[in-house]
Amino acid sequence: MIIDLHTHSDASDGSLTPDALLRLAEDNNVDVLSITDHDTLAAYERISTTIPHSIQIIHGIEFSTRWAGYGIHVVGLKVDPGNATLQHGIKLQRVAREKRAQSIAARLTKLGIADPLPAVAKLANGAEIGRPHFARHLVNTGVVKDVATAFRKYLGAGKAGDIKSGWASLSDVVAWIIAADGIAVLAHPTKYRLTMTKLKALLDDFVAAGGGAIEVVCGQQEAAVTRRMATLARDFDLAASVGSDFHHPGLAWSRPGHCSKLPSDILKVWDTW
Ligand code: AMP
Ligand code: MN
Ligand code: MN
Ligand code: MN
């Protein structure tokens with residue numbers, strides 16, 4: 001079984017339509033897939049019901065949250081998309097995202113960049129505006145040479161475009177997911193550059209809020225990382241999840257379903273369903 005519980009479509013900052021993502025996942029022999037766009041379930045309304053595919057789809061979403069001054073991502077899996085509490089949360093996040101886009105634009109303008117918001121909105125094309133859309137605009141207008149530089153200079157941690165104050169708290173987001181009968185998963189735990197002490201403090205709060213799983217595997221990673229994350233999962237009584245965090249085709253190292261293996265003796269999040 002190939003299972004991938006963390007991917008993005010063009011409903012957020014991925015580049016494939018939901019249908020194209022499903023087809024690519026099928027080509028990569030994925031059996032179970034969750035499309036976990038940033039703060040939106042819009043992809044699920046666009047999946048074509050007339051194109052047959054062999055994939056079991058798990059409703060999912062990746063929420064942006066704030067915790068102790070850090071921007072932390074929480075994936076909700078197997079959520080009931082119609083749940084009113086979840087829908088209300090999504091609405092709050094949409095407002096926060098729109099406000100944040102305006103603040104990022106204002107800060108970039110202060111740095112001498114012509115107001116990027118109209119072009120960024122065009123790039124997002126109706127999707128939730130994210131920092132990657134700003135990054136693409138900065139590349140398109142020649143301000144930076146590539147997306148990585150855009151994050152390093154303007155959008156990444158501690159830079160002008162790094163604004164996380166508007167996001168819901170970690171505990172609120174976990175509560176929305178639980179209200180929608182879903183499982184809250186701490187996304188890509190190694191990506192926050194937290195010390196082990198800080199990561200454990202985060203996990204303490206995550207578990208206290210009702211968090212149920214952690215991404216022990218995120219894409220292709222070193223065995224030592226998997227062992228370390230598996231130990232955390234066991235110590236904090238969390239189930240293990242796995243996802244590629246796929247955004248764009250054409251990158252050899254990032255494809256739907258292409259993830260390192262979970263240890264065989266760990267509780268898998270899908271075994272809790
Ligand atoms: P946002 O949801 O607007 O906060 O944007 C976060 C997204 O930006 C992540 O989900 C990644 O897709 C992308 N991202 C974050 N850091 C980088 C980076 N250094 N280079 C390229 N993309 C990044
Ligand atoms: Mn993203
Ligand atoms: Mn993320
Ligand atoms: Mn993601």
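Note that the structure is a prediction, hence the values are computed from the model and not measured. Counting convention: from 1, in listed order, for ligands and their atoms alike.
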Salt-bridge criterion met for Asp162 and Arg100 (N-O under 4.0 Å):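 So Asp162 does not pair with Arg100 through a salt bridge.
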Is it true that Arg46 and Asp10 have a side-chain N and a carboxylate O under 4.0 angstrom from each other? yes
If you round to the nearest 0.5 Å, how far is OG1 of Thr65 from NE2 of His73?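 So the gap between those two atoms works out to 7.5 Å.
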Roughly how far, to the nearest 0.5 Å, is the OG1 atom of Thr7 from the CZ atom of Arg255?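 One finds 15.5 Å between CZ of Arg255 and OG1 of Thr7.
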Less than 6.0 angstrom separating the ring centers of His8 and His248, yes or no? no
Do Trp176 and Phe63 make the cut of ring centroids closer than 6.0 angstrom?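 When the ring centroids of Trp176 and Phe63 are compared, they turn out to be within the sub-6.0 Å range.
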Would you say Val242 ends up clustered with Trp273 if hydrophobic residues are merged whenever their side chains have heavy atoms under 4.5 Å apart, either directly or through other cluster members?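 In one cluster with Trp273: Val242, yes.
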Per-ligand residue contacts, ligand 1, heavy-atom threshold under 4.0 Å: Asp13, His38, Arg97, Arg100, Gly130, Arg131, Pro132, Val147, Phe151, His247
Would you find a donor on one side and an acceptor on the other, under 3.5 Å apart, between the side chain of Glu62 and the backbone of His6? no
Is it true that the side chains of Thr36 and Ser34 contain a donor and an acceptor less than 3.5 Å apart? no
In the protein, how many N/O/S atoms are under 2.8 Å from the Mn ion (ligand 4)?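 For the Mn ion (ligand 4), protein nitrogen, oxygen or sulfur atoms under 2.8 Å: 4.
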